[in-house]
Amino acid sequence: MTGPTLGDGSPTHGPPADPSTPWPRRVYEQPSTELARALLGARLVRHDGAGRTAGIVVETEAYGGPDDRASHARAGRTRRTAPMFGAAGHAYVYLIYGVHSCLNVVSDGPDRAGAVLIRAIEPVDGLALMRTRRGAAPGADMRLAAGPARLCQALAVDRALDGHDLTAADRLWIADADPVTAARIADAGIVTGPRVGVAYAGDWASRPWRFGVRGHPSLSRPFPVEP
DNA sequence: ATAGGGATTCTC
DNA sequence: AGAATCCCTATT
């Protein structure tokens, strides 16, 4: 399997996988828990004045609507969370701890709020630019974007991209990975675990809504061992 | 372990 | 209005 799938496993857009064509909106129009899985192995592309950077998504987390006590949408629609209540296929970028940006992808339909947090990518394009932005030396490239705020630094993503439409090949979008990469990621398998940093969310905190590529060196942190 | 930092939401 | 909170990272 080389592309995103819908709930029944059927491809969402026809072969061949194209690493430069943005995913169409219908791929995003599914529950965040399913989109979070579909995004693993996808190519996240950023293009700006400084050049092109890109990476393979290796870790995600699903967030739901007002009923999800761990989701920003728990307070209902506000100025900040408006993108989560809007059309799928847009970015939701917020600032946390007054310091860091985090990138989410809006899921679901107009009737339901939801988003997927991109927690880590494997850098594949524009490595030198990413190192410069991160103040990193060569030799630890797999850790350049291993974390939701680190990947925003590496790709120069901030709130200027909040609400950005991901379905056009402009500034920030998501596409299929090349077939070799897609196969490598698919072969590794998927691990799940509780979401990070949401201990306040009661029984929602223990839901296994964190998804990762098994054993990948760019994961933000280890997954708890599965029973 | 904890400092850093600011927008957002909560509580009065 | 002021207070509390926060889907994190880098450094000790």
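Just so we're on the same page: letters track the sequence lines, and every chain starts at 1.
The residue A/T78 sits close only to the backbone: its heavy atoms come under 4.0 Å of sugar-phosphate atoms, none of a base. Residue-level contact check: A/R80 touches the backbone only, with heavy atoms under 4.0 Å from sugar-phosphate atoms and none from bases. When heavy atoms are screened at a 4.0 angstrom cut-off, A/R150 is found touching the sugar-phosphate backbone but no base atom.
Under a hydrophobic clustering in which Ile, Leu, Val, Met, Phe, Trp and Tyr are joined whenever their side-chain heavy atoms come within less than 4.5 Å, directly or via other members, A/V116 and A/M84 fall into different clusters. There is a path of hydrophobic side-chain contacts, each under 4.5 Å, that joins A/I174 to A/V157. By the rule that hydrophobic residues join a cluster once side-chain heavy atoms approach within less than 4.5 Å of another member, A/L129 and A/M142 end up as members of separate clusters. Cluster membership for A/V106 and A/L151, using ILVMFWY side-chain heavy atoms within less than 4.5 angstrom, is not shared.
Between A/H100 and A/R159, it is A/H100 whose nearest contact on DNA chain B lies nearer the 5' terminus.
Electrostatic pairing of A/D48 and A/R46 counts as a salt bridge here, judged by a charged N lying under 4.0 Å from a carboxylate O. A salt bridge does not link A/D165 to A/R171: none of the charged side-chain nitrogens sits closer than 4.0 Å to a carboxylate oxygen. Of the charged side-chain nitrogens involved, none lies within less than 4.0 Å of a carboxylate oxygen, so that A/R43 and A/E122 do not count as a salt-bridged pair. Ion pairing of A/D68 with A/R195 is present here, as a side-chain N (NZ or NE/NH1/NH2) and a carboxylate O approach within less than 4.0 Å.
Atom pair A/R143:CZ and C/dA10:P shows a separation of 10 Å (rounding to whole Å applied). Spacing between atom OH of A/Y97 and atom P of B/dT2 amounts to 15 Å, rounded to whole angstrom units. The CD1 atom of A/I96 sits 18 Å away from the P atom of B/dA3 (whole-angstrom rounding).
The listed nucleotides are B/dG4, B/dC10, C/dC7; the one nearest the side chain of A/Y94 is C/dC7. Candidate nucleotides C/dC6, B/dA7, B/dT9 were compared by shortest atom distance to the side chain of A/L95, and B/dA7 ranks first.
Side-chain rings of A/H72 and A/Y63 stay apart, their centers remaining 6.0 Å or farther from each other.
At a cut-off of 3.5 angstrom, counting only N and O atoms as typed in the model, there is no donor on one side facing an acceptor on the other between the side-chain of A/Y200 and the base of C/dC6.
Side-chain nitrogen and oxygen atoms of A/R134 include at least one within less than 4.0 Å of the OP1 or OP2 phosphate oxygen of C/dA10. Checking the phosphate oxygens (OP1, OP2) of B/dT8, no side-chain nitrogen or oxygen of A/H72 falls inside 4.0 Å.
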Q: With pairs defined as Watson-Crick or G-U wobble and both distances under 3.5 angstrom, please note down DNA chain C as a dot-bracket string, | for pairing with another strand.
A: ||||||.||||.
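Taking a 4.0 Å limit (strictly below) on heavy-atom distances, residues 116-126 of chain A reaches DNA chain C at A/L117, A/R119.
An aromatic stack links A/Y63 and the base of C/dC7, using centre distance under 5.5 Å and interplanar angle under 30°.
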